[in-house]
Amino acid sequence: MSRLTVVAYTFGVLFFLVGCAFSVFYGYKVMSHDLPEEDRNIEDYKYHFVLVPEELDNDYWRLVEKGAQEAAKDYGVLLEYAGPKQANIDEHLKTIEMSMAAKVDGIMTQGLSDEQFTPLINKVVERVPVITIDTDAANSNRIAYIGTDNYYSGYLAGKALIEDTKGQANVAIITGSFYANHQQLRVQGFQDAVKSEQGIKIITVEESEISRVRAAEKAYQILKDYPEVNAFYGTSALDGIGIAQVVDKYKKNDTIYIIGFDTLPETLDYISKGIIEATVAQEPYEMGYRGIQMMISLIEGKSVPPIVHTNTRILRAADMPLSHLGGQEAGY
Ligand code: BGC
């Protein structure tokens with residue numbers, strides 16, 4: 001070996017070692033940044049799971065996290081809540097990959113699309129068990145799904161709209177995302193429910209990108225572009241709120257029907273004020289709590305049903321106050 005080769009070889013090895021040290025350090029930091037100081041001893045826990053939602057800073061997902069954290073506490077699990085602060089597909093996928101690299105014991109995440117999530121889930125599940133939550137990637141090899149039956153929930157919304165508008169409405173749909181499986185199913189279910197109704201027309205379908213501000217902008221634009229619209233259907237937690245803000249401000253005296261999704265406090269306020277007529281109530285807290293239980297069962301070799309649908313129902317002003325909801329799903 002020439003001297004030059006030896007020097008080049010030594011440098012190569014050095015670079016490789018420094019690279020490894022960086023990855024380990026960076027990986028550790030990423031996976032532990034959310035842990036409170038006193039909780040950092042991973043050996044104190046039986047299992048280490050990660051919950052990766054499409055958006056951390058979202059009140060709906062905070063409820064899923066709340067359920068999951070409570071179950072984690074009850075069963076001795078270290079649970080991290082990690083992912084994009086604001087909806088971002090690349091960051092979402094990267095967090096799933098990083099969780100796999102960190103060798104956690106289980107990953108709970110949404111299966112947002114067949115194009116990008118299914119291949120990644122199939123790769124990850126070879127090494128770490130994956131449960132989809134809230135949104136299923138039904139064609140992937142995920143071990144189980146827990147969450148709403150999203151097609152059925154859209155169907156329920158359509159039936160509620162027919163009932164409340166006596167079968168006469170020009171509807172605009174604002175959906176969280178054109179890309180995501182659950183949002184597509186919620187639109188599809190709704191379209192199927194209203195398709196045989198002569199008096200119901202779907203005028204336009206727009207996208208809010210999981211943002212209440214964007215939902216409000218879209219609602220404003222729709223009312224300008226399509227003056228015949230007299231009903232809205234919002235398919236994710238912030239859509240109904242964004243639509244209601246606009247209707248409350250500019251169309252208070254017109255009869256505009258709104259049906260939304262979820263039972264966040266602002267949605268309930270708009271229902272009690274009569275601005276939102278109805279909402280599809282999901283059970284985010286339950287999804288989180290039971291998701292952890294399912295993950296433990298499957299790690300411990302117990303049989304787990306591949307699909308667990310949490311409850312979905314329509315909630316109107318007449319159903320308030322919400323004491324019968326037990327508070328959890330209502331966001332308190
Ligand atoms: C959906 C979640 C979504 C959230 C957005 C909910 O209705 O189930 O998947 O992230 O709305 O605000």
Side-chain angles (χ1 to χ4, degrees), residues 51-68 81-89 91-92 95 108-113 117 131-138 145-157 173-190 206-216 218-219 232-245 258-268 270 276 278-288 291 308-315 328-331:
L51 169 61
V52 191
E54 65 184 322
E55 178 163 284
L56 290 181
D57 254 354
N58 182 302
D59 290 342
Y60 170 88
W61 280 103
R62 291 280 173 202
L63 290 174
V64 180
E65 187 206 3
K66 192 171 173 208
Y81 179 61
K85 245 169 126 47
Q86 242 99 59
N88 178 313
I89 301 290
E91 264 187 63
H92 190 160
T95 312
M108 299 196 297
T109 192
Q110 290 167 277
L112 286 179
S113 73
F117 283 74
I131 289 181
T132 48
I133 184 161
D134 171 272
T135 313
D136 197 13
Y145 167 67
I146 176 151
T148 295
D149 178 338
N150 284 299
Y151 176 84
Y152 173 70
S153 68
Y155 194 85
L156 271 185
I173 301 178
I174 299 186
T175 182
S177 142
F178 287 141
Y179 162 91
N181 286 334
H182 62 329
Q183 301 294 305
Q184 290 173 0
L185 288 168
R186 291 177 192 182
V187 172
Q188 187 63 54
F190 182 90
E206 306 280 341
E207 190 186 26
S208 70
E209 296 161 44
I210 310 287
S211 147
R212 128 190 8 211
V213 174
R214 193 55 54 82
K218 289 289 165 80
F232 280 94
Y233 167 42
T235 72
S236 68
L238 307 177
D239 298 332
I241 299 170
I243 297 165
Q245 274 167 353
I258 305 172
I259 180 160
F261 250 81
D262 299 303
T263 49
L264 296 182
E266 280 169 279
T267 307
L268 300 182
Y270 280 120
I276 294 181
T279 194
V280 182
Q282 302 192 83
E283 293 190 326
Y285 178 92
E286 279 283 299
M287 290 178 208
V308 175
H309 282 146
T310 44
N311 285 334
T312 318
R313 63 201 173 291
I314 299 292
L315 199 87
Q328 301 292 12
E329 305 104 289

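Side chains included, hydrogens not; waters and symmetry mates left out as well; all remaining heavy atoms used. Both counts, for ligands and for their atoms, begin at 1 and track the order of listing.
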Review point. Is N58 touching ligand 1 with its side chain, its backbone, both, or neither, if touching means heavy atoms under 4.0 Å apart?
Key: side chain

Check your understanding: For atom 11 (O) of ligand 1, which of A180, A237, A87, G240 has the closest heavy atom?
Key -> A237

Check your understanding: Are side-chain heavy atoms of H182 and T148 found at a separation under 4.5 Å?
Key -> no

Exercise for review: Provide the number and element of each atom of ligand 1 under 4.0 Å from a heavy atom of L238.
Suggested key: 12 (O)

**Study point:** Interfacing atoms of ligand 1 (cut-off 4.0 Å, heavy-atom, Q110)
**Key:** 9 (O)

Study note, to complete from the structure: Which of Y233, Y155, Y151, F232 passes ring-ring contact (aromatic ring centres under 6.0 Å, His included) with F190? It is Y233

Point to revise | Minimum side-chain heavy-atom gap E54-P84 below 4.5 Å | key: no

Point to revise | Close-contact set for ligand 1 against E54 heavy atoms, below 4.0 Å | key: 2 (C), 3 (C), 9 (O), 10 (O)

Exercise for review: Mark yes when over 12 heavy atoms from residues, nucleotides or ligands other than Y152 sit less than 6.0 Å from its OH; otherwise mark no.
Suggested key: no

Point to revise | Heavy-atom side-chain contact between F117 and H92 under 4.5 Å | key: yes

Exercise for review: Give the residue, atom name and distance (to 0.1 Å) of the protein heavy atom nearest atom 6 (C) of ligand 1.
Suggested key: D262 OD2, 3.3 Å

Exercise for review: Looking only at distances, please establish whether an N/O atom of ligand 1 is found under 3.5 Å from an N/O atom of Q183.
Suggested key: no

**Study point:** Nearest-contact summary for atom 8 (O) of ligand 1 - protein heavy atom, Å
**Key:** D134 OD2, 2.6 Å

Review point. Quick one: does D136's side chain get under 4.5 Å of N150's, heavy atoms only?
Key: no

Exercise for review: For ligand 1, find out whether one of its N or O atoms is nearer than 3.5 Å to an N or O atom of S236.
Suggested key: no

Practice item. For the residue pair H309 and Y145, categorise the inter-ring angle as parallel (less than 30°), tilted (30 to 60°) or perpendicular (more than 60°). Key: perpendicular

Review point. How does R212 reach ligand 1, by side chain, by backbone, by both or by neither, if only non-hydrogen atoms under 4.0 Å count?
Key: neither

